[in-house]
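All remarks here apply to the structure that follows.
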There are 2 protein chains.
Amino acid sequence: MDMNERKVKILEAIIRDYIQTGDPVGSRTISKKYGLGISSATIRNEMADLEELGFIMQPHTSAGRIPSDKGYRLYVDNLMERRNIHPDMERIIAEMIKQKISRIDMLVEETARLISMLTNYATIASSMPITQVKIKHLQLVPIDEKSVACVIVTDTNIVKNHVIRTPKELDFNLCMILTNILNESLKGTTLNEISLDKIRLSIEEKMKEYSDIASSVLDAIDDTLRTEDVPDIFVRGANNILDFEAFSNKEKTREILQLFEEKLHLVKLLDHDPKHRTTIRIGAENIFSPMKDCSIITTSYTIGDYTLGNIGIIGPTRMDYGQVVSVLEYVTTHITNMLNEYNDS
Amino acid sequence: MDMNERKVKILEAIIRDYIQTGDPVGSRTISKKYGLGISSATIRNEMADLEELGFIMQPHTSAGRIPSDKGYRLYVDNLMERRNIHPDMERIIAEMIKQKISRIDMLVEETARLISMLTNYATIASSMPITQVKIKHLQLVPIDEKSVACVIVTDTNIVKNHVIRTPKELDFNLCMILTNILNESLKGTTLNEISLDKIRLSIEEKMKEYSDIASSVLDAIDDTLRTEDVPDIFVRGANNILDFEAFSNKEKTREILQLFEEKLHLVKLLDHDPKHRTTIRIGAENIFSPMKDCSIITTSYTIGDYTLGNIGIIGPTRMDYGQVVSVLEYVTTHITNMLNEYNDS
DNA sequence: GTTAGCACTCATGAGCGATGAGTGCTAACA
DNA sequence: TGTTAGCACTCATCGCTCATGAGTGCTAAC
């Protein structure tokens with residue numbers, strides 16, 4: 001038994017109706033609401049086939065059908081349509097971006113908040129994994145006898161700092177000397193490359209007399225990479241999960257709230273292949289069990305060639321994919337444009 | 001009608017029992033479980049008085065009594081006893097602090113997580129309101145033709161940075177000159193004082209030829225104060241609120257989850273008079289309506305004389321105050337000690 | 001291949017009564 | 001005058017039954 005055009009039409013009707021109402025969809029509903037020109041009995045036969053094929057399922061005997069993950073997948077890949085953004089929404093979005101464009105840290109947060117407000121779903125946002133950006137400038141700033149701050153400016157103009165405990169005192173002048181040496185070697189490399197032995201050796205050579213300090217500094221940057229730099233990642237509009245049927249159960253709700261506090265897990269949730277505009281992971285396609293009745297739609301925004309951050313919207317598997325993808329793409333497009341404009345101005 | 005010793009004893013029994021069981025407490029329970037040597041009938045009479053005095057109330061006619069906010073207040077102020085910390089708990093706490101002591105940013109987060117784990121309540125934690133610390137060192141680091149990073153090291157050894165758009169290009173040397181001038185004037189002042197006109201004038205005088213830049217810098221610091229510097233504040237163990245009776249209702253849960261995403265509100269929740277070891281706000285004593293069936297116990301931890309951050313535990317009004325206060329004080333005492341030790345070492 | 005008809009399933013929700021915890025009040029007691 | 005036993009009363013809770021209705025699968029006729 002294979003799919004045919006009529007089966008697809010029926011599947012689409014089931015999914016659209018279920019997304020809209022949240023109730024299992026019966027054969028009668030489809031035959032009346034969606035003008036397919038066939039009777040409910042025929043639709044029942046087709047639905048039995050669709051169920052056998054794994055696209056829909058029945059919560060219990062006397063209920064209608066609901067789409068399975070596989071059903072949604074087919075819908076998302078082949079049937080879903082983008083929507084127009086309502087002019088009111090456009091205005092709200094433009095307004096927010098204009099207000100926050102100069103503060104990247106707040107922009108990310110505000111964007112997350114905005115998107116969750118516009119969609120009534122939970123939103124995760126992150127600033128970029130800093131490991132992928134290049135060092136533009138590095139500066140050591142003395143703090144006290146035992147510590148210096150290592151300030152790193154990236155070529156995306158993000159500034160990061162990290163306090164280093166030093167083996168011996170570094171006064172202001174010494175800091176300057178080291179700063180110069182380090183800059184020579186590190187300018188233009190990505191934070192990732194710093195852990196490579198090649199670079200380490202070449203620096204330690206140049207800094208012979210300060211080699212212990214040089215390696216402290218490199219260690220500190222390493223450390224920054226590995227730990228601190230899941231830098232800004234957070235959830236906004238978490239309360240919206242309370243409206244998902246999947247979380248009518250307290251224990252399920254607890255699990256997802258716990259997930260929302262695990263930065264490393266959030267990073268994985270936001271994982272997004274930049275080759276595609278948006279990535280959609282449906283239900284069990286997510287690796288985390290509390291997400292198995294949710295879908296997440298992720299995308300990223302950029303400055304120039306760099307991914308600045310990712311954004312993901314978490315809704316129930318029966319979320320309005322078309323609407324959400326449209327909002328998400330609209331918002332990120334505009335942020336990307338404004339960021340590039342702002343950076344060129 | 002006045003309070004007397006017996007009434008207090010009965011009130012205490014009611015509160016202890018209610019904290020323990022969560023069920024409204026009847027006269028019979030008290031006469032049997034708590035050896036007060038009087039009959040349930042007598043206790044009933046006293047309970048009627050206690051209700052009239054506002055210390056307890058009845059959820060419905062045929063139910064026992066539960067403490068009111070006023071009842072808890074009396075309990076907390078006069079009756080509550082500290083508890084000993086279980087050796088297992090002590091070990092867990094010591095372990096965590098040892099691991100994270102070198103990373104203040106992570107320490108705060110881990111502490112919040114730990115406390116919520118130990119108490120099964122939600123925990124808010126913040127690093128300090130940076131406005132109260134003094135500037136130890138300030139450094140301008142060039143980013144590109146249009147911007148410099150202003151890196152501020154505080155005397156608590158926290159490093160903050162803020163990107164400033166400059167009216168004209170500042171090269172490395174110019175940055176150094178400005179850095180020196182600014183340091184002369186600002187070293188030792190609190191971030192708060194920078195907004196004072198007196199300081200602004202004195203600096204602008206010294207920097208005549210760069211006065212426009214000086215004021216940009218001061219503006220940026222101002223900005224840092226006002227916006228960015230609700231720097232790190234977050235909630236851990238939010239899922240625990242699902243166990244509070246107050247949040248069995250979905251709308252109430254939604255409200256508190258929303259509150260948890262509002263940094264400015266969280267700051268107010270954590271508000272804590274450093275003159276006292278811990279502050280307890282019970283039920284309606286909290287200004288936010290979603291908190292009216294919750295209590296929050298707040299305290300702070302310090303380096304030297306400075307408040308480094310606040311921590312607050314949110315539980316239901318019927319939380320085990322004695323236990324929670326003990327855990328909180330134990331943890332913060334240890335962190336404070338370790339921080340001071342670490343800083344002196 | 002399509003459709004009408006029919007028996008069957010089962011979640012949902014309303015209604016009802018039994019149960020029991022707890023009260024306030026009264027009258028007797030010390 | 002304070003304490004206690006006794007009793008009638010209240011009311012939330014829980015389990016039970018039953019009616020309702022949405023939706024199905026199957027069969028037989030078109």
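In what follows, chains carry the letters A, B, and so on, assigned in the order in which the sequence lines appear, proteins first and then strands, with residues in each chain numbered from 1.
The cationic atom of B:Lys70 (NZ for Lys, CZ for Arg) lies less than 6.0 Å from the six-membered ring centre of B:Phe55 and within 45° of the ring axis.
Using a 4.0 Å heavy-atom cutoff across all strands shown, B:Ser40 reaches no nucleic acid atom at all.
For the pair B:Asp49 CG and C:dT23 C1', the computed distance is 15 Å after rounding to whole Å. A:Ile38 has its CD1 atom 11 Å from the C1' atom of C:dT3, to the nearest Å. Taking atom CD1 of residue A:Ile66 and atom P of nucleotide C:dA11, one finds them 14 Å apart after rounding to whole Å. Rounded to a whole Å, the CD1 atom of A:Ile30 is 13 Å from the C1' atom of D:dT24. What separates CE of B:Met57 from C1' of C:dT23 is a distance of 17 Å, to the nearest Å. A:Ile14 places its CD1 atom 13 Å from the C1' atom of D:dT24, with the value rounded to the nearest Å. Atom CD1 in B:Ile10 sits about 12 Å away from atom P in C:dT23, given to the nearest Å. For B:Asp23 and D:dT13, the CG to P distance is 11 Å, given to the nearest whole Å.
Using a cutoff of 4.0 Å between basic side-chain nitrogens and carboxylate oxygens, A:Arg113 and A:Glu110 are scored as salt-bridged.
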Under 3.5 Å, which N/O atoms of the protein pair with N/O atoms of nucleotides 24-30 of chain C?
unit_1: C:dG24; atom_1: OP1; unit_2: B:Arg65; atom_2: NH2; d: 2.9
unit_1: C:dG24; atom_1: N7; unit_2: B:Arg44; atom_2: NE; d: 3.1
unit_1: C:dG24; atom_1: O6; unit_2: B:Arg44; atom_2: NH2; d: 3.3

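Using the six-membered ring where Trp is involved, A:Tyr72 and A:Tyr321 have ring planes that are tilted, between 30° and 60° apart. Between B:His265 and B:Phe288, the angle of the ring planes lies from 30° to 60°, which puts this pair in the tilted group.
With D:dT4, C:dC10, C:dA21 as the candidates, the nucleotide lying closest to the side chain of B:Ser62 is C:dA21. Picking from D:dA12, C:dC10, C:dT23 the nucleotide with the shortest atom distance to the side chain of B:Met47 gives C:dT23. The side chain of B:Thr61 has D:dC11 as its nearest neighbour among D:dC11, C:dT2, D:dG23.
Distance check, rounded to the nearest 0.5 Å: NE2 of B:His86 to CD of B:Gln323 gives 10.5 Å. Between A:Ser289 atom OG and A:Ile256 atom CD1 the span is 9.0 Å, to the nearest 0.5 Å.
The closest side-chain heavy-atom distance from B:Phe247 to B:Leu242 is not below 4.5 Å.
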